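Structure first, then comments.
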Amino acid sequence: MDLKLPDNTPKYVIEAVLTNEPGGCRVSLSQTKPFTENNSFTGISGAAVAISGDGSTQTLSPTSAGVCQNSAFTGAPGKTDQLTVQVDGKTFTASSTMPQPVGFDSLYVKRGDGHNKDGSPLLYAFTRYHDPAISKNFYRFVQYVNNKKEETVFIDDDEFTNGNLVNNRLSFSNDNDDPARNLKSGDQLTVEMLCLDPVIYQYWYSLSTGAGGDGNNAAPANPDTNLSGGALGYFSAHTIQRKTIIVP
């Protein structure tokens, strides 16, 4: 099938993160490519990047092609910060409010029904935490097996668990039959728990559904963004906690 796809004008893609731990301030800048090209994306250098809030401004310095960081700048829960990126005569802005952290109580593994395609037991990671009843909360979880990041987007909110003790299973389907993605006894399992503001939760929700053509979307679409000025991507100020165990 010969698809007649236009070579659209490239758009800038910004992935900006500010966390509550040292070294968690990082912004990467790249551009989209035509559909017919490969998925190798080169960082765009030469941008002026700053994050401001509470009357002060922090400048981020380039550390590699398309990446700017400020290792001395740490975000604070409850604070709203604004990102400004200037490149090639264009200005992109976004704001994000870092929520209060929710304690990551424990990480454990339980066996699921069935087996993996190689016959090994089907194991899932579980996160346990107490959701606060006094606020609306949004979460993202990032899973690593032997330091390899799982590609699945794990997100959750407290629509049905407000104020409850939550045991959240990180479920995914290994459709490509990659044994490295499956949990096995002796593996090192690390999970990061991120508390998101609602706008950033919507970004990850739309990425995991609309970008894959799921839900009510007829075709894949770009995820929602909190960036103004025409760029794709996001600016997320979030708290982060992590736990590591050896799979029994």
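Quick caveat: nothing in here was measured; it's all calculated off a predicted structure.
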Which residues share a side chain to side chain contact (heavy atoms under 4.5 Å, CB included) with T63, sequence neighbours left out: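 Side chain to side chain contact (heavy atoms under 4.5 Å, CB included) check on T63 returns V67, Q69.
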All side chain to side chain contact (heavy atoms under 4.5 Å, CB included) counterparts of T57, not counting sequence neighbours: A50, S52
Side chains of N226 and Y203: closer than 4.5 Å at any heavy-atom pair? no
[X] side chain vs [Y] backbone, donor-acceptor pair below 3.5 Å:
X    : Y    : answer
S45  : A65  : no
S208 : V153 : no
D157 : F138 : no
N20  : I240 : yes
S228 : T93  : yes
D118 : S120 : yes
N146 : Q188 : yes

Side-chain donor-acceptor pair present, N174, N182, cut-off under 3.5 Å: yes
When you compare the side chains of Y108 and N167, does any donor N or O come within less than 3.5 Å of an acceptor on the partner?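 Yes, N167 and Y108 have a side-chain donor paired with an acceptor closer than 3.5 Å.
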According to a 4.5 Å side-chain heavy-atom criterion applied to Ile, Leu, Val, Met, Phe, Trp and Tyr, with indirect links allowed, do [X] and [Y] form part of one hydrophobic cluster?
X   : Y    : value
V27 : Y12  : yes
I14 : V49  : yes
M98 : Y201 : no

Can you list, by chain and residue number, the hydrophobic cluster partners of L189 when the side-chain cut-off is 4.5 Å? V102, F104, L107, V109, L123, Y129, Y139, F141, V145, F154, V166, L170, F172, L183, V191, M193, I245, V247
State the CG-CZ distance between D81 and F73, to the nearest 0.5 angstrom. 4.5 Å
Measuring from T84:OG1 to F235:CZ, what's the distance to the nearest 0.5 Å?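 Those atoms lie 9.5 Å apart.
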Under the side-chain hydrogen bond (donor to acceptor under 3.5 Å, both in side chains) test, residues paired with D197 that sit two or more places apart: S96
Taking only residues two or more places apart in sequence or in another chain, which ones pass side-chain hydrogen bond (donor to acceptor under 3.5 Å, both in side chains) with T127?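 With sequence neighbours excluded, T127 shows a side-chain hydrogen bond (donor to acceptor under 3.5 Å, both in side chains) to no residue whatsoever.
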For R242, the salt bridge (charged side-chain N to carboxylate O under 4.0 Å, His left out) test, sequence neighbours excluded, returns E21, E192
For side-chain contact (heavy atoms from CB on, under 4.5 Å), just list the numbers for V199 and T97, CA-CA rounded to whole Å, side-chain angles, deciding distance to a tenth of an Å, and then say yes or no. CA-CA 9 Å; V199 175; T97 302; over 6 Å; no
If every non-hydrogen atom of [X] is compared with every non-hydrogen atom of [Y], which pair is closest and at what distance?
X    : Y    : value
R140 : K149 : NH2-NZ, 4.1 Å
P99  : P77  : O-CB, 3.5 Å
I51  : C25  : CD1-SG, 3.8 Å

Is there a side-chain contact (heavy atoms from CB on, under 4.5 Å) between L83 and L227 once you walk through the steps? CA-CA 9 Å; L83 169 75; L227 292 160; 4.2 Å; yes
Salt-bridge criterion met for D178 and K148 (N-O under 4.0 Å):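 The answer is yes: the pair qualifies as a salt bridge.
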With side-chain contact (heavy atoms from CB on, under 4.5 Å) as the criterion, how do V17 and Y234 come out once you've worked through the C-alpha distance, each side chain's angles and the decisive distance to 0.1 Å? CA-CA 8 Å; V17 171; Y234 62 93; 4.1 Å; yes
Run the side-chain contact (heavy atoms from CB on, under 4.5 Å) check on T190 and K243 step by step: do they pass? CA-CA 6 Å; T190 298; K243 291 188 178 296; over 6 Å; no
